[in-house]
J.: 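I have a structure here, written as structure tokens, and I will follow up with some questions on it.
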Amino acid sequence: MHYTLTHTYTVTIATASTTHTHTYTLTHTHTLATATAHPEAEYRLWIQTRYKDCLDVLTNLLSHSEKVVQLSALNTLMVIVSHSTQPTSAVHTHNFPYQLFKRVVDVLLSSVVNNVDLISEYGHYVQYDDIRYYTLTVISTLCASHTQASEVELSAVFACNVIQLLKLIKMDTVVHSDGQLTNFYTKTLTDQQTSKACSITMQQKVFTNAWLNFLRNQLPHAVYKQVLTHLPDHVMPYMSDPKLLVDFLVSAYDYGGPISLLSLNGVFILVNQYNLEYPDFYVKLYTLLEPTIFHVKYRARFFYLTDLFLQSTHLPAYLVAAFIKKLSRLALTAPLSGVGIVVGLVVNLLRRHPACQILINSEGDTQTQQNSGGDTQTQQNS
């Protein structure tokens, strides 16, 4: 099938939709016979072949140079997906058209083309329970295959496409649902409970697997930062077992530099909420308090998290005192924009931990001042 740019692609898309309608009727209503058995069977075989050709053209259009062509092809393919469920032997059940659907997601997660606009358009579909489930399934499979194929760093384009798609998948509505999930994009019948996509547990499981398989790869530096920023609030609360992220987060925490700063929140959540034993957490946090901290992009976030981590009144006084002294020394050489942050943090620590106020209000210092004052008055009288 040949087409010219901008004008005839709409004809191709309309033809694909029409062809699908006829193909679905012919191939799902009758048992496909051999081409020589009957003219009608031969026609069914011919139109099924044309239908496959249309799918090939539409899939190729997803990589078209013009965005409007890509978006129209994507929406048409998704319409075809919604009508391509196949009846099973069980009553009132249908199979999801996984192979057709996988072709679409494979193109979205290209290793060559950055599909940020196309993925953004696809984000409208992942709100549906079945599309979300099978999207995560494809992501998990693709990332696992990359892990097995090579130990080198993931393609930057592929990693960017994957993280862009993963960030569009929201799980808050899933885990807070009552009973079975019913918001389906494909054909839904009375017995959809037989589908794995209906199960909240299965949704969480495939969500967890997709993220873990992605994180097992060596990620480009920029994607690494995006992942660490996204994990604490949008991934960890919805995983089937957040403790599976221990190796990834601890490795990031030990990495140094901005990566360590961004991993702070995730590690602290594991320590505080999931009883992760990491005795060096505060030691590592202390070592991050260097003058260079005032010149990194994530400075405000780092000091906010530091204040959060030191809020507990159960922390030993000597530990908090060490941080107060280190922060006070930093304030002496900090740029003007950072002095207010550090001083505010020190004041908060002193108010929360009264035992540390001895650092600024020692009885020994008071006695020394009194003695010094008495000596001065004696000298004046004499």
J.: Is it the case that more than 12 heavy atoms not belonging to Lys284 sit under 6.0 Å from its NZ atom?
T.: yes
J.: Which heavy atom of Ser111 sits nearest a heavy atom of Ser155, and at what distance?
T.: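 Smallest heavy-atom distance, with atoms named: O-OG, 3.3 Å.
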J.: When you check the side-chain N and O atoms of Tyr304 and Asn265, is any donor under 3.5 Å from an acceptor?
T.: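 No donor-acceptor contact under 3.5 Å links the two side chains.
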J.: Return each pair, listed once, that meets salt bridge (Lys or Arg N to Asp or Glu O under 4.0 Å) where at least one residue sits in residues 237-259; pairs must be two or more places apart or across chains.
T.: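 Passing the test, one end in residues 237-259: no pairs.
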J.: Considering only heavy atoms from C-beta outward, does the side chain of Phe248 approach that of Leu228 to under 4.5 Å?
T.: yes
J.: Donor-acceptor check, side chain of Gln203 to backbone of Asp129, threshold 3.5 angstrom: yes or no?
T.: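 Yes; at least one donor-acceptor contact below 3.5 Å.
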J.: Decide yes or no for Phe158 and Val112: does some side-chain heavy atom of the first lie under 4.5 Å from some side-chain heavy atom of the second?
T.: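 The answer is no, as the side chains (C-beta and beyond) never meet within the 4.5 Å cut-off.
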J.: For the pair Ser260 and Leu288, evaluate side-chain contact (heavy atoms from CB on, under 4.5 Å) and give the outcome as yes or no after the intermediate values.
T.: CA-CA 8 Å; Ser260 292; Leu288 293 175; 4.1 Å; yes
J.: Starting at OG of Ser263, measure out to OH of Tyr224 and round the result to the nearest 0.5 Å.
T.: 7.5 Å
J.: To the closest 0.5 Å, what do you measure between CG (Leu264) and OG1 (Thr306)?
T.: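 One finds 6.5 Å between CG of Leu264 and OG1 of Thr306.
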J.: Answer yes if the ring centres of Phe184 and Tyr128 are under 6.0 angstrom apart, and no otherwise.
T.: no
J.: Just grab all the ring-ring contact (aromatic ring centres under 6.0 Å, His included) pairs involving residues 263-283, residues at least two apart or on different chains.
T.: Tyr253-Tyr278, Tyr253-Phe281, Phe268-Phe281, Phe268-Phe309, Phe281-Phe309
J.: Would you say Leu359 and Lys325 make side-chain contact, with heavy atoms under 4.5 Å?
T.: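 The answer is yes; the side chains approach within 4.5 Å.
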J.: I'd like to know if the side chain of Asp307 reaches the main chain of Phe303, judged simply by a donor and an acceptor atom lying under 3.5 Å from each other, with no hydrogens or angles considered.
T.: no
J.: Start with the C-alpha distance between Ile324 and Ile360, add both sets of side-chain angles, then the distance that settles side-chain contact (heavy atoms from CB on, under 4.5 Å), and finish with yes or no.
T.: CA-CA 11 Å; Ile324 291 174; Ile360 59 173; over 6 Å; no
J.: If every non-hydrogen atom of Leu168 is compared with every non-hydrogen atom of Ser120, which pair is closest and at what distance?
T.: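 Shortest heavy-atom contact: CD1-CA, 4.2 Å.
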J.: Which distance, rounded to the nearest 0.5 Å, do you find between the CG of Leu181 and the CG of Asp130?
T.: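 Between atom CG of Leu181 and atom CG of Asp130 there are 10.0 Å.
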J.: When you measure from the side chain of His353 to the backbone of Ala355, do you find a donor-acceptor pair of N or O atoms at a distance under 3.5 Å?
T.: no
J.: If I compare all heavy atoms of Val267 with all of Val250, which pair ends up nearest, and what's the gap?
T.: CG2-N, 4.4 Å
J.: When rounded to the nearest 0.5 angstrom, what distance separates NZ in Lys167 from NE2 in His230?
T.: 6.5 Å
J.: Between Arg352 and Ser312, is the side-chain hydrogen bond (donor to acceptor under 3.5 Å, both in side chains) condition met? List the steps.
T.: CA-CA 8 Å; Arg352 291 194 206 106; Ser312 175; over 6 Å; no
J.: Carefully, step by step, assess Arg132 and Val174 under the rule side-chain contact (heavy atoms from CB on, under 4.5 Å).
T.: CA-CA 10 Å; Arg132 182 196 310 110; Val174 175; 3.3 Å; yes
J.: If I take atom OG from residue Ser72 and atom CD from residue Glu66, how far apart are they, to the nearest 0.5 angstrom?
T.: 10.5 Å
J.: Can you tell me if NZ on Lys52 sees more than 12 non-hydrogen neighbours from other groups inside 6.0 Å?
T.: no
J.: Hey, any chance Leu100 and Tyr134 share a hydrophobic cluster, counting ILVMFWY side chains that come within less than 4.5 Å of each other, even indirectly?
T.: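 Shared cluster, yes.
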J.: Are any of the side-chain heavy atoms of Arg299 and Ile341 separated by less than 4.5 Å?
T.: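 Yes, close enough: below the 4.5 Å cut-off.
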J.: Do Leu74 and Met78 come within less than 4.5 Å of each other through their side chains, counting heavy atoms only?
T.: yes
J.: Search all heavy atoms of Ala73 against all heavy atoms of Leu61 and return the closest pair with its distance.
T.: CB-CB, 3.7 Å
J.: Donor-acceptor pair, distance only, cut-off 3.5 Å: does the side chain of Gln204 make one with the backbone of Ser240?
T.: no
J.: Thr135 and Tyr122: side-chain hydrogen bond (donor to acceptor under 3.5 Å, both in side chains), yes or no, with the steps?
T.: CA-CA 10 Å; Thr135 298; Tyr122 182 78; 2.6 Å; yes
J.: Do side-chain atoms of Ser110 reach the backbone of Asp106 as a donor and acceptor pair under 3.5 angstrom?
T.: no
J.: Assess, by modelled atom type and distance only, whether the side chains of Arg301 and Thr229 contain a donor and an acceptor separated by less than 3.5 Å.
T.: no
J.: Spell out, as yes or no, whether a donor-acceptor pair under 3.5 Å connects the side chain of Asn217 to the backbone of Leu219.
T.: no
J.: Would you please test Leu245 and Met236 for side-chain contact (heavy atoms from CB on, under 4.5 Å) and show each step?
T.: CA-CA 8 Å; Leu245 291 173; Met236 295 178 69; 3.6 Å; yes
J.: Would you kindly say whether Asn213 and Arg216 are connected by a side-chain donor-acceptor distance under 3.5 Å?
T.: yes
J.: Is it possible for you to say whether Phe302 and Val343 belong to one hydrophobic cluster, with membership spreading through side-chain heavy-atom contacts below 4.5 Å?
T.: no
J.: Ignoring hydrogens and geometry, is there a side-chain-to-backbone donor-acceptor pair from Asn161 to Val113 under 3.5 Å?
T.: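 Pair found, side chain donor or acceptor close to backbone of Val113.
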J.: Is there a donor in the side chain of Thr137 and an acceptor in the side chain of Tyr98, or the other way round, less than 3.5 Å apart?
T.: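 Not at all, the side chains of Thr137 and Tyr98 share no donor-acceptor pair under 3.5 Å.
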J.: Could you tell me which non-hydrogen atom of Ser63 sits nearest to which non-hydrogen atom of Val107, and how far apart they are?
T.: OG-CG1, 3.9 Å
J.: Less than 4.5 Å apart, any side-chain heavy atom of Val162 and any of Cys143?
T.: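 Yes. Closest side-chain heavy atoms under 4.5 Å.
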J.: Decide whether Leu109 and Val157 are clustered together by the hydrophobic rule: side chain heavy atoms of Ile, Leu, Val, Met, Phe, Trp, Tyr closer than 4.5 Å, transitively.
T.: no
J.: Determine whether the side chains of Thr186 and Ser82 contain a donor N or O and an acceptor N or O closer than 3.5 Å.
T.: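 There is no such pair (donor and acceptor under 3.5 Å, judged by atom type) between the side chains of Thr186 and Ser82.
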J.: Is the number of heavy atoms from other residues, nucleotides or ligands under 6.0 Å of Glu290 CD greater than 12?
T.: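 Buried by this count: over 12 neighbours within 6.0 Å.
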J.: Could you check whether any side-chain heavy atom of Ile269 comes within less than 4.5 Å of a side-chain heavy atom of Pro242, counting everything from C-beta outward?
T.: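 Not touching, per the 4.5 Å side-chain cut-off.
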J.: Just how far is it from atom CG of Leu154 to atom CD1 of Ile163, taken to the nearest 0.5 Å?
T.: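 Nearest 0.5 Å value for the CG-CD1 distance: 11.5 Å.
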J.: With no hydrogens and no angle check, just 3.5 Å: does a side-chain donor-acceptor pair link Asn209 and Ser140?
T.: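 Judged by distance alone, the side chains do not pair up.
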J.: Check whether any side-chain N or O of His64 sits under 3.5 Å from a backbone N or O of Asn60 as a donor-acceptor pair, and report yes or no.
T.: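 Side chain of His64 to backbone of Asn60: no pair is present.
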J.: Check whether any side-chain heavy atom of Lys205 sits under 4.5 Å from a side-chain heavy atom of Thr208, and report yes or no.
T.: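 No, side chains not in contact.
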J.: With a 6.0 Å cut-off (strictly less than), is the heavy-atom count around OH of Tyr298, excluding the residue itself, greater than 12?
T.: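 Yes.
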J.: Is Phe294 reachable from Tyr286 through a run of I, L, V, M, F, W or Y residues, each pair having side-chain heavy atoms under 4.5 Å apart?
T.: yes
J.: Shortest non-hydrogen contact from Leu55 to Arg103?
T.: O-NH2, 3.8 Å
J.: Does Val320 share a hydrophobic cluster with Leu308, counting links as ILVMFWY side-chain heavy atoms below 4.5 Å and allowing steps through other members?
T.: yes
J.: Are Asp53 and Arg50 ion-paired here, with the side-chain N under 4.0 Å from a carboxylate O?
T.: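 Looking at Arg50 together with Asp53, the answer is yes, because their closest N to O distance falls below 4.0 Å.
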